[in-house]
Q: 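Here you go, one structure.
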Amino acid sequence: MITLDSYVLGRWQAGSGKPEILRDPTSEEPLAQASSEGIDLGAVLAYGRDVGGPALRALGFAKRAELLLALSKAIHAHRDELLELSLQNAGTTRGDGKFDLDGATGTLAAYAQFGKELGDKPFFADGPLAQLGRTPRFSGQHVWVPKPGIAVHVNAFNFPAWNQCEKMACALLAGMPVLEKPGTPTALVAWRIARILVDSKLLPEGAFQFLAGSARDLVDHLGPQDVLSFTGSSGTGEKLRGNKAVVRHNTRVNIEADSLNAAVLAADVARDSETYDQFLANVEQDIVQKTGQKCTAVRRVFVPAERVREVAADLVPRLTKVQVGDPRSGETRMGPLASAQQLADVRAGITALTQFAEILCGGPGPVHAKGYFVAPTLLLAKSAEAKVFHELEVFGPVATLLPYSGSAADATRLVNLGGGGLVASLYSNDKAWSDAVVLGIAPWHGRVWVGSDKTAGQALAPGTVLPASLHGGPGRAGGGAELGGLRGLEPYFQRTAVQGFQGYLEKLGQA
Ligand code: NAP
């Protein structure tokens, strides 16, 4: 069995004590073990701040951007090996493994590109000089400067490669050293990537550390210049935000949590239109891709009441023909859930939803004798008003059709019952309807995706998170904001207004 060690304080270190066991979710066989016991996490954070931070910031933006591209290439060179590990430890099909891994290397490469334009200044200007006195002689310049702390990244199990690399890309480019802590059940891929990065010797010592196993008291050691960026469930997010050290030091916290993502079919979309095909394909993809373990996957599908049976008749055959099984088989389109805990949670979640819904296909029952499998599951709600659909995230291949009146006002009200989401997708060719819903739900969402005949065949699916576009969402979704081009660097910066003589400010930071 592989022991996942941690790269901390300049060396690889295995934890002591009873390890957590990582399994192959297809066979349930143990694969690896991880423990963080015995590692002095306060010292680890200090090492990143004191050793990694200054060396990283001395490089400047342009050099750090070059490093991101080199890191991306170093990981990509191990693509087949990493896809195999993803299959073993996360049960991903090759396509699902690529979605995670190519997303990771693609995001690093994209930030290398975004970073090029920042040049070599030790800060970046936020807007132009502003006149503050009676003449421009006394002016002010807002600047973004890298925070001299450490960026602690606590990641979810479902995207072990992407989650680590998308956070790392922004923090390293901004000039902050990182500590990456993956979700334990699928940490094998994240650990192997850490090994590749350390072996590459591309980054200055201390700029990258990696913690395998439990976070233990990690968050208790955070200080005022540190950043905690977390991806995971709302429950854990709430705990971390309330941590005493975080509250005392006002440590910057970014939370990417769960979300009851919605799709809305408008009444104007005809059954034989391209927009309708786009709607069916995206809903199917969100249920099946990564076995529904995607924070952006659609969970609530709003359909005009008189058309729910028609939509059900079109979606069910697509879902029942999905081959569920061993991701090693070329026939398989959907692999298992990632862990025994996930299987238990998803089954319990489907059962809870069925108190208010009819099962159209799938359900909580076992699919194979071994492994953490569930079938793609589509439910039909008796009423869209039942709270459970807007509050319970079933993190698996499960979505519910919810009947609504077709009006923009009804769609807006129901979508917003989710309490804040990462993404909502609308399907309509009616401008007035689309405008009303987009603007009505925008305050409750990080991203609103509009499908129409104009984008059919062109648009990337709404579940896809892109480096150039914001990821995050208000309320239930955690209130976080990541990516979105250079906006993704903001959590790692302090914004400061520097006031003084105009001529001085114009040459700030220049020799
Ligand atoms: P989770 O149980 O909240 O765990 C997330 C991470 O937090 C893991 O690394 C976990 O470590 C760590 N953790 C747990 N308790 C902690 C504590 N007290 N202190 C510090 N760290 C702690 O979530 P998950 O089951 O891995 O992920 C699934 C959830 O993540 C879903 O609800 C999904 O919607 C959400 N998600 C959101 C996004 C997004 O971008 N918004 C993306 C992906 C997933 P261990 O694994 O070692 O326990």
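Positions are given from 1, in the same order as the sequence printed here. Indexing begins at 1, ligand by ligand and atom by atom, following the structure's order.
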Q: Have a look at ligand 1 and work out which part of Glu393, if any, has a heavy atom under 4.0 Å from it: side chain, backbone, both or neither.
A: side chain

Q: Atom CD in Gln209, atom OH in Tyr7: separation rounded to 0.5 Å?
A: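 Here the interatomic distance stands at 8.0 Å.
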
Q: For ligand 1, which is the ligand I care about here, please tell me if Lys181 has any N or O atom under 3.5 Å from one of the ligand's N or O atoms.
A: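 Yes; the residue has a nitrogen or oxygen that sits under 3.5 Å from a nitrogen or oxygen of the ligand.
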
Q: Counting only heavy atoms closer than 4.0 Å, does ligand 1 sit against the backbone of Pro182, its side chain, both, or neither?
A: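 For Pro182, the contact with ligand 1 is made by the backbone alone.
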
Q: Taking both backbone and side-chain atoms of Thr231, is any N or O found less than 3.5 Å from an N or O belonging to ligand 1?
A: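 No.
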
Q: Decide whether a cation-pi geometry holds between Lys290 and Phe159; the criteria are a distance under 6.0 Å from NZ or CZ to the six-membered ring centre and an angle within 45° of the ring axis.
A: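 Ring-cation test returns yes.
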
Q: Between Phe157 and ligand 1, does any nitrogen or oxygen pair lie at a separation below 3.5 Å?
A: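 Min N/O separation from ligand 1 is below 3.5 Å for Phe157.
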
Q: Please confirm whether Ser234 approaches ligand 1 to less than 4.0 Å, judged on its heavy atoms.
A: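 Outside the 4.0 Å threshold, so no.
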
Q: Any nitrogen or oxygen of Glu20, side chain or backbone, less than 3.5 Å from one on ligand 1?
A: no

Q: Can you tell which part of Leu218 has a heavy atom less than 4.0 Å from ligand 1: side chain, backbone, both or neither?
A: neither

Q: Is ligand 1 under 4.0 Å from a heavy atom in the side chain of Asn158, in the backbone, in both, or in neither?
A: side chain

Q: Is there a nitrogen or oxygen of Asn155 sitting under 3.5 Å from a nitrogen or oxygen of ligand 1?
A: yes

Q: Hey, does Phe159 sit under 4.0 Å from ligand 1 if you only count heavy atoms?
A: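 For ligand 1, residue contact (heavy atoms, under 4.0 Å) with Phe159 is absent.
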
Q: Please state which part of Ala215 comes within less than 4.0 Å of ligand 1, counting heavy atoms only: side chain, backbone, both or neither.
A: side chain

Q: What's the shortest distance from atom 23 (O) of ligand 1 to any protein heavy atom, and which residue and atom give it?
A: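 It is Ser233 N, 3.3 Å.
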
Q: For ligand 1, is any non-hydrogen atom under 4.0 Å from His471's backbone (N, CA, C, O), its side chain (CB onward), both, or neither?
A: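 For His471, the contact with ligand 1 is made by the side chain alone.
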
Q: Heavy-atom contacts under 4.0 Å between Asn163 and ligand 1: side chain, backbone, both, or neither?
A: neither

Q: Nearest to atom 15 (N) of ligand 1, what protein heavy atom do you find, and at what distance?
A: Thr236 CG2, 3.3 Å

Q: Would Gly478 count as a contact of ligand 1 if the rule is a heavy atom under 4.0 Å away?
A: no

Q: Parallel, tilted or perpendicular for Phe302 and Tyr404, by the 30°/60° rule?
A: perpendicular

Q: Just one of Arg300, Glu385, Arg476 clears the side-chain hydrogen bond (donor to acceptor under 3.5 Å, both in side chains) bar with His390, so which one?
A: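 Of all the options given, the one that passes is Arg300.
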
